[in-house]
Protein chains: 2
Amino acid sequence: MVDVKSDVNKTTRGIQSRNREEVTARILAAAEKVFAEFGYAGASISRIAASAGIPKSNVVYYFETKEALYRRVVGEIFDIWRAAADSISEDNDPIHALGEYIDTKLDLARTRPYGSKVWANEIIQRAPIVQDYLEDELRSWTENRIAVIEAWIRKGQIRPISARHLLYAIWATTQHYADFTHQITTLNDGVELTDAQWGDTKSAVKDLLLCGVALPGRNRI
Amino acid sequence: MVDVKSDVNKTTRGIQSRNREEVTARILAAAEKVFAEFGYAGASISRIAASAGIPKSNVVYYFETKEALYRRVVGEIFDIWRAAADSISEDNDPIHALGEYIDTKLDLARTRPYGSKVWANEIIQRAPIVQDYLEDELRSWTENRIAVIEAWIRKGQIRPISARHLLYAIWATTQHYADFTHQITTLNDGVELTDAQWGDTKSAVKDLLLCGVALPGRNRI
DNA sequence: TCTTTTTCTGACCGATCGTGCAGAAATACC
DNA sequence: GGTATTTCTGCACGATCGGTCAGAAAAAGA
């Protein structure tokens with residue numbers, strides 16, 4: 001993903017390369033938003049360009065095709081989500097690790113809602129563009145996380161729940177607060193959730209989901 | 001929604017009216033599928049028509065505009081979901097009622113996945129077409145269900161969880177199995193869930209979600 | 001300074017979109 | 001039978017789409 005030809009770079013990087021990164025980042029941010037709000041088919045290159053404040057041809061210059069730009073957007077959120085699950089490791093305390101994972105994913109739901117929506121749209125439409133991500137990376141990544149949870153179960157650290165469905169439930173609930181933001185806002189009298197309400201959300205989601213995970217008799221989460 | 005001019009209908013209904021209903025139903029079914037798979041912008045009338053096996057002009061004849069057809073599709077799934085929550089009533093046993101609600105919504109996730117996807121797409125894109133549904137019907141409907149759950153809490157029948165976030169969690173998890181079918185199938189080695197796996201899903205979702213609802217010391221769900 | 005490379009942009013192409021419309025075909029009514 | 005109404009369909013329209021391309025503008029390299 002990173003530029004390769006930065007061999008003789010001392011301190012200066014040149015006006016061109018700096019501006020290239022700036023423009024590229026602005027296009028990616030605009031594309032993430034427009035793809036989320038209009039779907040792949042409804043997001044026209046000219047609308048993305050207008051949102052980024054540059055001519056349509058310039059977007060094509062940097063990303064060649066609409067599909068290539070789209071893949072970059074989807075890849076970004078995929079990488080971010082993957083990193084968010086670093087806490088799910090066999091050596092960590094299960095309840096604490098899962099709680100951290102839920103917290104991080106809810107933070108991402110608030111800070112990067114557009115990326116989540118793009119992913120949701122892509123999966124709903126049966127991943128016509130990024131099916132290789134699912135088969136090459138998501139599948140093995142998921143199996144690894146399931147193995148960790150099942151190790152916790154074997155060691156008697158959590159209740160013997162279905163690791164796979166627990167993962168799905170965490171994904172579903174956390175991403176719901178990103179993908180269905182508009183519905184949640186409407187049901188909140190049309191105003192966005194406050195900091196305090198996001199705090200309540202974190203507590204409520206962890207309380208609901210982790211109660212079924214923790215061993216009976218343990219302290220509340 | 002129902003035809004009004006059926007005044008002198010004895011037994012026969014005429015070839016025209018019967019065929020009108022048949023064609024209308026076939027268009028609606030095709031539209032639900034195409035809107036789900038391509039999004040509102042990506043779903044062209046000609047594709048819907050081809051999927052229904054009739055000319056494009058005939059679709060326009062029955063539904064006037066693409067937007068009107070879309071509203072009919074969204075309205076159908078909205079009504080179905082609303083009826084699925086009939087069990088959430090103050091007189092019913094909470095755990096049993098919520099379990100029934102989860103079961104019914106998971107059944108709908110399996111039998112009507114396209115409708116769920118259309119709804120998800122619409123909300124992700126901030127309800128440009130059906131915002132009035134959200135404000136006029138969904139809002140009051142949701143408040144009523146929250147009131148029932150809070151009544152259960154006041155009577156000491158369930159733990160004092162957040163009724164609103166419990167509802168959101170149920171929506172998120174159940175609809176996840178419809179909207180993200182393709183991801184779940186890919187993670188299931190590319191084959192659709194079997195009857196047994198759907199049964200496991202129901203048990204796992206109810207186990208995870210209702211454990212946080214049931215009073216401590218109660219029997220397992 | 002002059003050349004080369006990178007960056008940027010407007011004009012344009014063929015395809016597809018939603019929709020309007022005239023008229024054919026089928027059915028209903030008397 | 002004939003007339004009226006409903007149902008159906010091919011065609012045409014303006015608009016917008018993704019993408020190409022020639023060439024201007026800017027920066028880099030010498």
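Bear in mind that the values here come from a model prediction, so they are computed numbers and not experimental data. Computed from heavy atoms alone, side chains included, the values below leave out hydrogens, waters and symmetry copies.
For the pair Asn19(A) and dA27(D), the criterion of a side-chain N or O lying under 4.0 Å from OP1 or OP2 is not met. Here Arg20(B) does not reach the OP1 or OP2 of dT6(D): none of its side-chain N or O atoms lies under 4.0 Å away. At dT16(C), none of the side-chain N or O atoms of Ser44(B) fall inside 4.0 Å of OP1 or OP2 (strictly under the cut-off).
Whole-Å rounding puts the Phe63(B) CZ to dT19(C) P distance at 14 Å. Between the P atom of dC17(D) and the CZ atom of Arg47(B) lies a distance of 17 Å, rounded to the nearest Å. What separates CZ of Arg26(A) from P of dT7(C) is a distance of 15 Å, to the nearest Å. When rounded to the nearest whole Å, the span between CD1 of Ile48(B) and P of dT16(C) equals 17 Å. Atom CD1 of Ile45(B) and atom C1' of dT16(D) are 15 Å apart (whole Å). At whole-Å resolution of the value, OH in Tyr62(A) and P in dG19(D) are 18 Å apart.
Scored by the side-chain hydrogen bond (donor to acceptor under 3.5 Å, both in side chains) test, Ser57(B) finds no partners at all (sequence neighbours excluded).
Among Arg112(B), Arg72(B), Lys117(B), the single residue meeting the side-chain hydrogen bond (donor to acceptor under 3.5 Å, both in side chains) criterion with Glu32(B) is Arg112(B).
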Between the protein and nucleotides 9-12 of chain C, list the N/O to N/O atom pairs that are separated by less than 3.5 angstrom.
from: dT9(C); atom 1: OP2; to: Asn58(A); atom 2: ND2; distance (Å): 3.2
from: dG10(C); atom 1: N7; to: Ser57(A); atom 2: OG; distance (Å): 3.0
from: dG10(C); atom 1: O6; to: Ser57(A); atom 2: OG; distance (Å): 2.7

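A parallel orientation is assigned to the rings of Phe180(A) and His176(A), their planes being inclined by less than 30° (bins at 30° and 60°). Below 30°, between 30° and 60°, or above 60°: for Tyr40(B) and Tyr70(B) the angle between ring planes is above 60°, a perpendicular geometry.
Judged by distance alone, the side chain of Ser203(B) and the main-chain N or O of Gly199(B) form a donor-acceptor pair under 3.5 Å.
Among the heavy atoms of the strands, none lies under 4.0 Å from Ala68(A). Ala49(B) comes within 4.0 angstrom of no nucleic acid atom, judged by non-hydrogen atoms across all strands.
A donor-acceptor contact under 3.5 angstrom links the side chains of Trp119(A) and Gln183(B), judged on distance only.
Lys206(A) has its side chain within reach of Asp103(A): a pair of non-hydrogen atoms, C-beta onward, lies under 4.5 Å apart.
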